[in-house]
Amino acid sequence: MKIVVTGGLGFIGSHTVVELQNEGFEVVIIDNLSNASEEVLKGIAAITGKEPVFENVDLREKAVVADFFQRYTDIGGVIHFAASKAVGESVKDPLLYYENNLTTLIYLLQHLQKKERMNFIFSSSCTVYGQAASMPITENAPIQPASSPYGNTKQIGEEIIMDIANVSNINSILLRYFNPIGAHPSAYIGELPNGVPQNLVPFITQTGMGLRKELAVFGSDYPTSDGTCVRDYIHVMDLAKAHVVALQRLIDGNNTEKVETFNIGTGTGSTVLEVIHAFEKASGQKLPYRLTERRDGDVIEAFADTEKANTVLGWQALYSLQDAMDDAWKWEQKIRQVTV
Ligand code: WQD
């Protein structure tokens, strides 16, 4: 039985492939290399001792997707990461996001719905909650009107999966990630943002490496403990393990609904300044930063209620914010081949 991981050379995808291989699954990676490098295959193999099968497939190409599914018929499950994920970019180029995040999902599902039984894990996001009314955020929190085309593609993606559930044999789990950060402790794989990092932690580590002059902290007048935004930063290793647990749940037939939803976070909120301090502890150096204006679209705080993931899914985060910053810094040094 093979497990297909779309976007498997990406940040979360590659860490999930490692965990799948560690659990004995045979993995086939689909990736179009638009936001990843084939070098990641070597990093995965360095950790697990086995290089996964890699297919350079662009899920936007309907015929190419059809060819893939004609060649691979013994698929036991699909974990779908392949998507664009930069909030700001999605505002500038909505159609790029609707095409890359939704057309690809539709082409994929058109093949999966033909199967007698299919297990499907979808990469969703806490962004669907917008600014939730209360913390911590449960899976029953209302879905708010999307604040970006990126967020909208996650909401619509979830709706598409729910709509086909009762007309197919696809059993799905939607994993709503909070903020994935960190890197594999071996530093063989990690986050490789294209260009100027949009997310906080890679910007911090690149600043620590001297690649960026200083970090702009977007807003310091929020109603939080120190005035900066609160997020639930989850180590990518914990997030990867959640995917394996979710897949195993479907394979074992333990799901109680055709579509199940889980918030995947640590259950703890951290401010931007707390993340900076964790970096300074990891690196032993002060981080140059300045307090600037708020960033449009930012929510004040978001952190997960992990009760359902802990009790129903049987998963919980084990790594701390400090662990994640230690590993993020180790990775940044590795890819710059220096130790500061
Ligand atoms: C975190 C905090 C910023 C950069 C988004 C998506 C989410 C997921 C993760 C894909 C915020 C502050 C950031 C900087 C800063 N997407 N910040 N200076 O916006 O919470 O979530 O990325 O996986 O779906 O919505 O993450 O890392 O951009 O920001 O002060 O240079 O850091 O204001 O408070 P975000 P982020």
Side-chain angles (χ1 to χ4, degrees), residues 1-57 72 75-82 85 121 123 177 180-195 197 199 201-202 204-206 208-209 211 233-248 264 279 282-283 315 317-320 322-340:
M1 173 172 74
K2 294 181 176 63
I3 303 301
V4 173
V5 180
T6 76
L9 293 181
F11 175 37
I12 306 166
S14 57
H15 288 78
T16 302
V17 168
V18 163
E19 294 308 314
L20 286 167
Q21 287 190 321
N22 287 345
E23 289 299 315
F25 287 104
E26 190 181 347
V27 175
V28 177
I29 290 176
I30 283 181
D31 204 299
N32 69 358
L33 302 177
S34 62
N35 193 23
S37 153
E38 265 191 86
E39 284 305 299
V40 172
L41 287 168
K42 293 185 176 50
I44 293 170
I47 297 167
T48 66
K50 185 164 190 271
E51 189 166 309
V53 171
F54 167 56
E55 291 270 357
N56 186 341
V57 164
Y72 289 90
I75 297 171
V78 175
I79 304 182
H80 182 45
F81 293 104
K85 62 160 198 164
I121 310 289
S123 164
Y177 310 158
I181 63 169
H184 194 275
S186 67
Y188 280 123
I189 56 175
E191 193 168 6
L192 282 167
N194 271 336
N199 293 130
V201 170
I204 286 179
T205 56
Q206 288 191 12
M209 194 50 70
L211 301 176
Y233 295 96
I234 177 171
H235 198 300
V236 65
M237 292 288 288
D238 279 324
L239 182 56
K241 289 183 169 74
H243 288 78
V244 180
V245 171
L247 177 69
Q248 197 61 62
I264 302 298
F279 168 77
S283 63
W315 165 91
L318 302 175
Y319 292 84
S320 67
Q322 192 61 56
D323 295 329
M325 293 311 291
D326 292 347
D327 291 333
W329 179 233
K330 194 173 155 192
W331 165 248
E332 187 69 59
Q333 294 177 79
K334 171 78 180 297
I335 51 179
R336 313 295 168 198
Q337 290 302 336
V338 296
T339 301
V340 176

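Positions are given from 1, in the same order as the sequence printed here.
Two residues are said to be in side-chain contact when any heavy atoms from C-beta on lie closer than 4.5 Å; Val244 and Trp315 fail this criterion. At least one side-chain heavy atom of Gln206 sits under 4.5 Å from a side-chain heavy atom of Pro193. Between His243 and Val5 the shortest side-chain heavy-atom distance does not fall below 4.5 Å. Counting only heavy atoms from C-beta outward, the side chains of Leu211 and Arg336 approach each other to under 4.5 Å. Taking the side chain as every heavy atom from C-beta outward, Ile29 and Ile44 approach each other to under 4.5 Å.
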### Task
Check the pair Leu20, Ile79 against side chain to side chain contact (heavy atoms under 4.5 Å, CB included), reporting the backbone distance first and the verdict last.
CA-CA 11 Å; Leu20 286 167; Ile79 304 182; 3.9 Å; yes
### Test log, rule side chain to side chain contact (heavy atoms under 4.5 Å, CB included), inputs Phe54 and Leu33
CA-CA 11 Å; Phe54 167 56; Leu33 302 177; 3.9 Å; yes
### Derivation and outcome, side chain to side chain contact (heavy atoms under 4.5 Å, CB included), residues Glu191 and Ile181
CA-CA 8 Å; Glu191 193 168 6; Ile181 63 169; 5.7 Å; no
### Worked check of side chain to side chain contact (heavy atoms under 4.5 Å, CB included) between Val4 and Tyr72
CA-CA 9 Å; Val4 173; Tyr72 289 90; 5.7 Å; no
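Taking each heavy atom of Val27 and Pro52 in turn, the nearest pair found is O-CB, 3.9 Å. Between Tyr319 and Lys241, the closest heavy-atom pair is OH-NZ, 4.3 Å. In terms of heavy-atom proximity, Trp329 sits nearest to Thr205 at CZ3-O, 3.5 Å. Here the closest heavy-atom approach between residue Ala183 and residue Gly190 is recorded as CB-CA, 3.8 Å. In terms of heavy-atom proximity, Tyr177 sits nearest to Leu239 at CD2-CD1, 3.4 Å.
Distance CE/Met237 to CG/Leu318: 10.0 Å, rounded to 0.5 Å. Remark: Lys85 NZ to Asn35 CG distance equals 7.5 Å, nearest 0.5 Å. Expressed to the nearest 0.5 Å, how far CG of Leu247 lies from CD1 of Ile121 amounts to 5.5 Å. Ser186 contributes atom OG, which lies 7.0 Å from atom NZ of Lys330 (distance to the nearest 0.5 angstrom). Taking CG of Asp326 as the reference point, atom OG of Ser320 lies at 7.0 Å (rounded to 0.5 Å).
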Under 3.5 Å, side-chain donor or acceptor atoms of residues 6-19 against the rest of the protein: list the pairs with distances, not counting sequence neighbours.
residue, atom, partner, partner atom, Å
Thr6, OG1, His80, ND1, 2.6
Thr6, OG1, Phe81, N, 3.0
Thr6, OG1, Ala82, N, 3.1
Ser14, OG, Gly10, O, 2.6
Ser14, OG, Phe11, O, 3.1
His15, ND1, Phe11, O, 2.7
His15, NE2, His184, N, 3.0
Thr16, OG1, Ile12, O, 2.9

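Partners of Lys42 according to the salt bridge (Lys or Arg N to Asp or Glu O under 4.0 Å) rule, which considers only residues two or more places apart in sequence or in another chain, are Glu39. For Glu26, the salt bridge (Lys or Arg N to Asp or Glu O under 4.0 Å) partners at least two apart in sequence or on another chain are Lys2.
In Tyr188, the OH atom is not crowded: 12 or fewer heavy atoms of neighbouring residues, nucleotides or ligands sit closer than 6.0 Å.
No donor-acceptor pair under 3.5 Å is formed between the side chain of Asn199 and the backbone N or O of Val201.
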